[in-house]
Amino acid sequence: DDSASGGSGDEPYVAIVSKGFQHQFWQAVKQGAEQQAEKEGVRITFEGPATETDVEDQVNMLSNALAKSPDAIGFAALDSKAAEPLLQQAQSQDIPVIAFDSGVDSDIPVTTAATDNKAAAAEAAKHMAELIGNQGKVAMVVHDQTSKSGTDRRDGFVEWMEQNAPDVELLPVQYGDGDQTKSADITKSIIQSNPDVAGIYGSNEGSAIGVVKGVEESGKQGITVVGFDSGQAQIDAINNGVMAGAITQNPVGMGEELVKAAVKAIDGEDLPDTIDTGFYWYDKSNIDDAEIQAVLYQ
Amino acid sequence: MPDLLEIEGVSKGFPGVQALDDMHLRVRHGEVLALVGENGAGKSTLMKLLSGIYTPDAGDFRLDGEPLRVSGPRDAMETGISIIHQEFNLMPHLTVAENVYIGREPRTGGFVLSERALNRRAAELLERLELPLDPRALVGNLTVAKQQMVEIAKALSYDARVLIMDEPTAALNDAEVETLHGLIRRFISPTTGVIYISHRMDELKAISDRITVIRDGRYVETLDTETTTMKEVISLMVGRTLAAEAEPQNVRDDRPVVLEVEGLSTRDLLHDVSFELREGEILGFAGLMGAGRTEVARAIVGADAKTAGTVRLRGKPVRIHHPSDAARLRIGYLSEDRKRFGLLLDQDVSVNVGLTSIGERFSRSGFVRFGRMREVAEQMVERLGIKTPSVAQTAKNLSGGNQQKVVIAKWLVKDCDVLIFDEPTRGIDVGAKEEIYDLLNELAGEGKSIVMISSELPEVLRMAHRVVVMTEGRISGVLTHDEATQENVMHLATLRPDENPDDAAELGLVGATGAAPDVPDTKAGDR
Amino acid sequence: MSTTTADDTRAPQAGGLGSRWKDRLQELLAFASLIVIFAFFSIASSSFFTYNNVTNILFSTVVIGTLALGTTFVIITGGIDLSIGTGMALCAVMSGVFITQWDVPIALGVLMTLLFGGLIGFVNGFNVAVLGIPPFIATLAMMLVAQGLALVISGSAPIYFTDDPGYVRISTGNLLGFDFPNAVLILLLATLVCAVLLNKTVLGRYTYSIGSNEEATALSGINVGKWKIIIYSFAGLFTGLAGVMISARLGSAQPATGMGYELQAIAAVVIGGTSLAGGKGTIVGTLVGALIISVINNGLQIMSIAQEWQNVILGLVILVAVYADQLRKRER
Amino acid sequence: MSTTTADDTRAPQAGGLGSRWKDRLQELLAFASLIVIFAFFSIASSSFFTYNNVTNILFSTVVIGTLALGTTFVIITGGIDLSIGTGMALCAVMSGVFITQWDVPIALGVLMTLLFGGLIGFVNGFNVAVLGIPPFIATLAMMLVAQGLALVISGSAPIYFTDDPGYVRISTGNLLGFDFPNAVLILLLATLVCAVLLNKTVLGRYTYSIGSNEEATALSGINVGKWKIIIYSFAGLFTGLAGVMISARLGSAQPATGMGYELQAIAAVVIGGTSLAGGKGTIVGTLVGALIISVINNGLQIMSIAQEWQNVILGLVILVAVYADQLRKRER
Ligand SMILES: Nc1ncnc2c1ncn2[C@@H]1O[C@H](COP(=O)(O)OP(=O)(O)OP(=O)(O)O)[C@@H](O)[C@H]1O
Ligand SMILES: Nc1ncnc2c1ncn2[C@@H]1O[C@H](COP(=O)(O)OP(=O)(O)OP(=O)(O)O)[C@@H](O)[C@H]1O
Ligand SMILES: O[C@@H]1[C@@H](O)[C@H](O)OC[C@H]1O
Ligand SMILES: [Mg+2]
Ligand SMILES: [Mg+2]
């Protein structure tokens, strides 16, 4: 039986190479993709490097995916230029590429299903400023200083603050690799050296939970925490008031859109340049709304 | 005319030890100067000063009257001082040729090695020196004796003025000692000289011109070998006279058998080795280098795999897969290679002495009784005259002979019924040797059974109740105390059943054509 | 014999301190580097030397410290254990399975997790001692296997201990009654236990012996294989403990974490003066090594040094600290 | 002398093939594991054994393979180099600086990058040989420093070689005229160079000698310190080369990458039969080790094995492969 390899089977095969696979966010994307695949009767595989700095690893995965001659490829680039030669190879093999999560700097992908991370971070900044009364020190614990999602969520936040909240003082950005323990330790150090810190922003799930842990462990009251993404721990933190609110993307939706687009591409249908999968601000007040519940993952 | 080498007022101290104190020494042109002294007297330290490994606290060295200042081993060699250290300095992963010519490899363009030239050169050297070594063999696979030969070859490959040999024969048997002496005689010329350190008194007469005795780091006296008896030398060394030629004690043939080995074979060497060890007996094992004595011992205690054979203890077959099985059955094995298989060099004396018995003697519900262990170690230091500032001294800081005593002590601490001692007196001074012989006799007297493997035939002959002789992995004979003469042992030790049909026939090997070394032989070794 | 007396007069000179005491001194000296670093940060930043921050530092040392303790034993035998990081993640996941899915009481669940860690260690020990696989490879393989299994067993999702608030208190509660997290207490306790085991027991003695000369130890009648298995299993208990500590702190078992922790733990051990060649090392040294790393990390964060410089400085300080240590050793 | 004959007769048994030849055989046997694994995947999946995929595998081995080659020398001396991963990232960044910012011609830029790698190695060697810092610590410190510097120098952003398409061709071009990436060619060439250096030159001889017995080597009059510095510097060249290869492949220097590569490279070396204790090892073994890892990774991905299981299987296969290797060694 040859079903493991290549698109020679009956059902179309979509190979998805993401930026990661172990984290909740990616598991949610995968889940969405699988649901949609089931519906549409396509077979998918979902893979990603262990950490989001493993650019070479991802390129290897992409070339291995191409070796299986899939009918379409879903791709979230860690570094869009690094994959350019492979994307060209895909094009020459007539394999449509659907970008997701992070845009690919190239006109080869037929469409991109993604969150506008800068806009999302700006939204987080806006809520932060509001919550602290537009003044005071704000610290940022960011998951990565080189990846696009990291820098966009940092820059989107910083730029909004600089333009709209001149009385907010931003402390030097600290990076915690999205690791909860490390982010918690960093948070405690921040609080230690800036006892008057008014708010702390965590730029993805691991960072946000780390910030929550750090604030809790420091025993300090009254610090406004704004997070990113969802997951059980963040939902709990919002419910019990340690976290004021967070931005969530729509990872399940992203996975669904990705597979939908892939099927359309295989069928030769036209696709829009971008599919905005959207983001939402959620806090205690709207967390139980159906619209929000639909995009949160536990 | 000044002497070849002059040493004046040299002192060297280590924490807690004054190894050398106002030492002086002269080596004349064209002579072999023997340097003797008890274990820890400072012989090796003096040589390390000469070769630039240590720097002296005080004193002068002169070569041909010129002040000699060596900055390190390389400098020493370039100045013409070549040394064979007591502890080997070999690279086990390199071949014989590579070891001998390390740092002086034939090269093209200064960088690319010529393996062929190297091996050729080494082969020539080995042939000239008549050393039975394969230039391409890995040194790590060689026995101690052959490694010693590599050291000798290396030292002689330099254009040395002064050749220093620190116990070069400790691992050699008489035949090999002979070869070495031949080498030394050929090395000696009017412009060269040799410092020869040894604890084997018998060879001093054969090789040295003069003998310098040192004690406790101080110069004692220098004697002309011609006009001196060894007795005098020994009494200067140890400060008393020793009993002359002794005989094995309590030889009886009505002793019950304790250990019975039958048909023991290993993949590489041993063929159908069978013998019995009786209660309270000292059973000597003689043979030439590589005859397989060490391998027998290792196979018995489970350090190496057996391919066939049974071991019975007091008539009951026992399974020994690992030295710990042997230890549980109260069979102990003291290895011939103290550095590799005997000592924890980085640990202190007390831990080394106690190691065999931590589980049963020096612990209570899992906790080590360090106090008790220290006490016992101190007793051992006392009993064996181990020269060390305290039992807390690190083993590697002890002199070679004292390290050997520590290894012996380790097995005395454990109450074993069967003790297999492989070259137990290697590197031990004459005085202490006597003490160890007394100790072995004492142990045997208490009913312990002892296997004594030794390359020093006189030692075997004076200690062993019976002598097992091995050749080429087989037992070629077992001699009673009365039969065991130098000639008889050597005859059996030099039989070559593998290539000499007559020898095979003499050993009763059926179908021995010399071409089939692994034909199972049924009745080698009379019992 | 005459030589004996000759020496006895000289004995007190060197035996005075005794090698044990020398070792202790050594530790104190490694400790000196820590003190200097600590003093530096105390002067450089007023927020550094406060009760709260010192507690923070200790708290942030717990996980790496726990891993480092166990692995000290393995390293002293001359081995290495690369599986402790992902093994810890797997143990955390198992703790989640035991406590939240099988509904085992917390105390029992913790015990089972420790034993599961011991099992990981046992397999490592078996592979090393019985199959003769080099420790680096055996534990590298286990590192990969544990990483995969943590994901498989957890379904690649964190397991939350939301319904077991008692579990979180293992780490963050204050059993002592004042503001001193249990986690730190447990680390100190574990350090004490390890120090006693390493210095006072047969296990410790054989750990040193094997590392010092494995063949000589075996020929002394000690079942080296058996003891290696025991030592790796024992070290595994600490992988389990670290799994409990990290998941208790986070209130969840994170299956994807752990990679890289092994390197930090080994670094702590080695900075603490334990030799990767085996035969040498101390528990206090390991704790000091772990503290050096976390003090530097914390201090640089407190001083708000730009993060890309933090690693540069951490690297340089480690270099200097170890170099100073070397110098002192040579001097004595 | 009678013993002469006695021993010569036995010589053929032990020395018959010559120890070098035994080593060669050993390599071939390690190679056997690779063949078995390769055969398995070829049967399991039809997309595996195709020209394209084999080229993929080789291509994906380039970076780890290059790092592993250099580090083989260091490991044979009994040392270790943890700085190769992040050092590679730093070299990639420097290459970017040289070529895109200083506008140095590509060939010169590459040369400067190699030398920069050599400089990193030199500093490691100096710290080890002159300051006496254990290799683990010295190179761990360098790992941290290099990681930080890569971020500092690049401003934490990738440096793109967009205007230097020639640079990318270093990796992906086909100098041979058919579809065979230059990167693979360079890896094979580098392997050849290393094999020659290790086996045929003074550098190689002293590498083995130092690892086999450092003290004895020094006592034989060899300037061990000097040679260690040379060996580490030499290994550093390969860090530089790997930096070029990875940035050429990706068309960009990624400053945050690299961490973890050191472990993979060391694993390749050790799987290839080099002992971390020093004195023993081969270049071919290292290449085989690196290939074993990438063949397994590729094969599992080609077979679309669920990703969480991939590491589990990788771990188990490494274990089995090395165990089989051990068995064979024991048998001979
Ligand atoms: N590195 C060292 N540190 C401490 N003490 C040492 C060191 N080297 C030698 N000693 C001590 O110096 C004394 C002289 O040792 P040395 O090795 O010179 O004796 P030796 O005469 O060669 O003895 P042997 O016959 O046993 O080889 C001994 O007491 C020994 O313990
Ligand atoms: N580690 C080893 N590797 C390979 N061969 C070995 C090893 N040890 C011993 N041998 C071989 O086994 C043979 C027997 O050596 P063994 O040590 O048993 O002899 P012996 O009678 O005790 O003589 P010796 O006086 O040399 O100790 C030797 O020829 C040697 O080449
Ligand atoms: O792009 C990813 C983001 O969407 C998620 O939140 O966390 C990891 C990121 O790299
Ligand atoms: Mg000596
Ligand atoms: Mg022997």
Side-chain angles (χ1 to χ4, degrees), chain A residues 20-28 30-31 46 48 50-51 139-142 144-146 171-195 205-206 209-210 212-214 216-220 231-237 239-240 297-298, chain C residues 45-48 50 52-57 59-64 86 89 144 147-148 150-151 154-162 168 171-172 174 179 181 183 245-247 249-252 254-261 264 294 297-308 310:
Chain A
F21 84 102
Q22 340 191 46
H23 288 285
Q24 275 310 282
F25 177 83
W26 298 116
Q27 289 293 326
K30 183 180 174 191
Q31 189 197 327
F46 191 101
T51 72
M140 303 158 70
V141 179
V142 174
D144 195 314
Q145 66 203 113
T146 53
L171 296 171
V173 184
Q174 300 284 332
Y175 303 88
D177 298 341
D179 180 274
Q180 297 187 11
T181 352
K182 198 169 170 189
S183 304
D185 288 335
I186 288 174
T187 302
K188 282 156 85 176
S189 298
I190 292 172
I191 296 172
Q192 190 64 35
S193 47
N194 302 280
E205 186 185 342
I209 297 168
V212 167
K213 291 287 163 200
E216 278 177 348
E217 286 170 6
S218 76
K220 190 106 177 159
Q232 185 65 50
Q234 266 191 100
I235 294 170
D236 289 348
N239 279 327
N240 67 29
Y297 55 88
Q298 307 266 304
Chain C
S45 161
S46 62
S47 339
F48 182 80
T50 63
N52 261 339
N53 194 50
V54 173
T55 321
N56 279 352
I57 293 173
F59 196 49
S60 69
T61 314
V62 170
V63 173
I64 293 295
T86 62
L144 295 166
Q147 185 182 38
L151 293 170
S154 66
S156 300
I159 304 180
Y160 293 98
F161 294 90
T162 326
V168 176
S171 169
T172 49
N174 298 315
D179 185 17
M245 297 318 293
I246 196 169
S247 55
R249 178 176 186 188
L250 300 177
S252 63
Q254 300 288 336
T257 192
M259 190 68 103
Y261 279 66
Q264 286 186 60
S294 46
N297 274 329
N298 173 287
L300 294 174
Q301 284 163 16
I302 292 277
M303 288 181 66
S304 304
I305 303 287
Q307 193 150 6
E308 47 278 31
Q310 288 185 10

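Note that these values count all heavy atoms, side chains included, but never hydrogens, waters or copies made by symmetry. Chain letters run A, B, ... following the sequence lines, proteins first and then strands; every chain starts at 1. All values derive from a computational prediction rather than experimental measurement.
- If you measure heavy-atom distances from A:Lys213 to chain C, the contacts under 4.5 Å come from the side chain alone.
- With a threshold of 4.5 angstrom between heavy atoms, A:Gln27 approaches chain C through side-chain atoms but not through N, CA, C or O.
- A:Gln232 touches chain C through backbone and side chain together, each having a heavy atom under 4.5 Å away.
- Counting heavy-atom pairs under 4.5 Å between each of C:Leu250, C:Thr172, C:Leu151 and chain A puts C:Leu250 at the top.
- Put simply, of C:Ser294, C:Ser304, C:Pro158, the one with the most heavy-atom pairs under 4.5 Å next to chain A is C:Pro158.
- Interface check for chain C: of the options A:Asp185, A:Ile209, A:Asp179, the most heavy-atom pairs under 4.5 Å are formed by A:Asp185.
- Neither the backbone nor the side chain of C:Thr55 comes within less than 4.5 Å of any heavy atom of chain A.
- With a 4.5 angstrom heavy-atom cutoff, C:Ser46 does not touch chain A via any of its atoms.
- Using a 4.5 Å cut-off between heavy atoms, A:Gln192 contacts chain C through both its backbone and its side chain.
- If you measure heavy-atom distances from C:Ile57 to chain A, you find no contacts under 4.5 Å at all.
- Interface remark: C:Tyr261 contributes side-chain atoms only to the contact with chain A (heavy atom separation under 4.5 Å).
- Contact tally against chain C (heavy-atom pairs below 4.5 Å) for A:Gly206, A:Ala233, A:Ala184: the top residue is A:Ala233.
- Heavy-atom distances place both the backbone and the side chain of C:Ser156 under 4.5 Å from chain A.
- Annotation: side-chain contact (heavy atoms from CB on, under 4.5 Å) contacts of A:Thr187 (sequence neighbours excluded): A:Val141, A:Ile191, A:Ile200, A:Val211, A:Val215.
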Test side-chain contact (heavy atoms from CB on, under 4.5 Å) on C:Glu308 and A:Gln145; report intermediate values, then the result.
CA-CA 9 Å; C:Glu308 47 278 31; A:Gln145 66 203 113; 3.5 Å; yes
